[in-house]
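Here's the structure, in structure tokens; my notes come after.
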Amino acid sequence: MKFRTYLLFGSPGSGKGTQGKIIGTIPGFFHMACGEVFRALDLRSELGKVFLEYSSKGHLVPDDFTLKLWHQQIKNMQVMGRFKPEIDHLVLDGIPRNINQAKLLDVHSQVIKVFHLQCPSRPKLVERLKRRALKDNRLDDANEEVIKQRLAVYDSESMPVLEFYGDRVINIDATIYPYKVLREILQHINTDAATEQPAS
Ligand code: ADP
């Protein structure tokens, strides 16, 4: 059985994590942010060093490594009883970030919809990221060169993922208040729920 999955998709700073965290508090939804899985690694371990090497330069961590870690974490969450695929929807943010990851994810996940959080203003994104650097102690948000690199990677590698998902993509203006973004997302989830069997 494949995981019933919603994707939160958007550039760094578009608010995927903010939305994901809120949706993850709703019964029946399990939120997982790929970047958080990486940041939880012990940075002295081999895995942690790989993550640091790539993320500190604004690069994507290699796909096989990323997907393996992601799958391991999902399995852990199932064993711990925090994610129950029979009744929960999975809400992913930060994965997939390129077409290859989208194909690899397909093996485990049935992607229902992709919420594309759009923020066309680059200066606004950079400002958000710098603010987050101070608040969350994120090294990769503190340096303007690294930010530029991440945005460039988003444009060249991540944006094509939207074509991969075609008409499953819902474009949402991410520059409005977070509660309004949330309302938009939930409205689309609501449409799906109406056509699904309620979990007993
Ligand atoms: P943001 O979306 O703001 O860039 P994340 O927390 O999602 O922040 O990711 C932080 C870093 O972790 C990325 O810049 C990248 O190096 C690495 N990373 C996260 N998710 C992936 C992924 N799916 N594939 C490869 N690298 C990833």
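Indexing begins at 1, ligand by ligand and atom by atom, following the structure's order.
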Checklist line | Aromatic contact, His89 with Tyr6 (centres under 6.0 Å) | finding: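 Yes; Tyr6 has its ring centre under 6.0 Å from that of His89.
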Notebook entry, point to check: Quick one: are the ring centres of Phe51 and Phe65 less than 6.0 Å apart?
Noted result: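 Ring-ring flag for Phe51/Phe65: false, centres at least 6.0 Å apart.
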Next item on the list: Say whether, by atom type as modelled, one donor and one acceptor occur between the side chain of Arg132 and the main chain of Asp141 under 3.5 angstrom.
Entry: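 No, the answer is negative, given that no donor and acceptor are paired below the 3.5 Å cut-off.
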Item checked: Ser11 (side chain) donor-acceptor with Ser14 (main chain) under 3.5 angstrom ->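 No: the side chain of Ser11 does not pair with the backbone of Ser14.
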Checklist line | Pair Gln101, Asp63: side-chain N/O donor-acceptor within cut-off below 3.5 Å | finding: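 Checked: Gln101/Asp63 side chains pair up, N/O donor to acceptor below 3.5 Å.
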Item checked: Atom indices of ligand 1, in the order listed, that fall short of 4.0 Å to a heavy atom of Arg39 ->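 Those atoms are 6 (O), 10 (C).
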Check: If you count the atoms of ligand 1 from 1 in the order shown, which ones are under 4.0 Å from a heavy atom of Thr66?
Finding: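 In order of numbering, the contacting atoms are 22 (C), 23 (N), 24 (N), 25 (C).
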Just to confirm my output: which protein heavy-atom neighbour is closest to [atom], and how far is it?
atom	result
atom 12 (O) of ligand 1	Phe51 CE1, 3.4 Å
atom 27 (C) of ligand 1	Phe38 CE1, 3.6 Å
atom 15 (C) of ligand 1	His59 O, 3.7 Å
atom 3 (O) of ligand 1	Arg132 NH2, 2.6 Å
atom 8 (O) of ligand 1	Arg138 NH2, 3.2 Å
atom 2 (O) of ligand 1	Lys16 NZ, 2.9 Å

Next item on the list: May I ask which of Arg150, Glu36, Arg97 has a heavy atom nearer to atom 9 (O) of ligand 1 than the others do?
Entry: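 When every heavy atom of Arg150, Glu36, Arg97 is considered, Arg97 comes closest to atom 9 (O) of ligand 1.
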Note to self: For atom 24 (N) of ligand 1, which of the options Gln149, Lys57, Gln101 provides the nearest non-hydrogen atom?
What the structure shows: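 Of the listed residues, Gln101 has the closest heavy atom.
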What about [X]: any of its N or O atoms under 3.5 Å from an N or O on ligand 1?
X	answer
Asp141	no
Val61	yes
Pro12	no

Margin query: Starting from Val169, can I reach Ile95 by hopping between I/L/V/M/F/W/Y residues whose side chains sit under 4.5 Å apart?
Written below: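 Yes, Ile95 and Val169 fall within the same hydrophobic cluster.
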Margin query: Do Met32 and Phe83 make a side-chain contact, defined as non-hydrogen atoms from C-beta onward lying under 4.5 Å apart?
Written below: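 A side-chain contact under 4.5 Å is absent here.
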Next item on the list: Check whether any side-chain heavy atom of Arg168 sits under 4.5 Å from a side-chain heavy atom of Val111, and report yes or no.
Entry: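 Yes, side chains in contact.
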Notebook entry, point to check: Which residue, Gln19, Lys16, His31, forms the side-chain hydrogen bond (donor to acceptor under 3.5 Å, both in side chains) with Asp93?
Noted result: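 Answer to the side-chain hydrogen bond (donor to acceptor under 3.5 Å, both in side chains) test with Asp93 among Gln19, Lys16, His31: His31.
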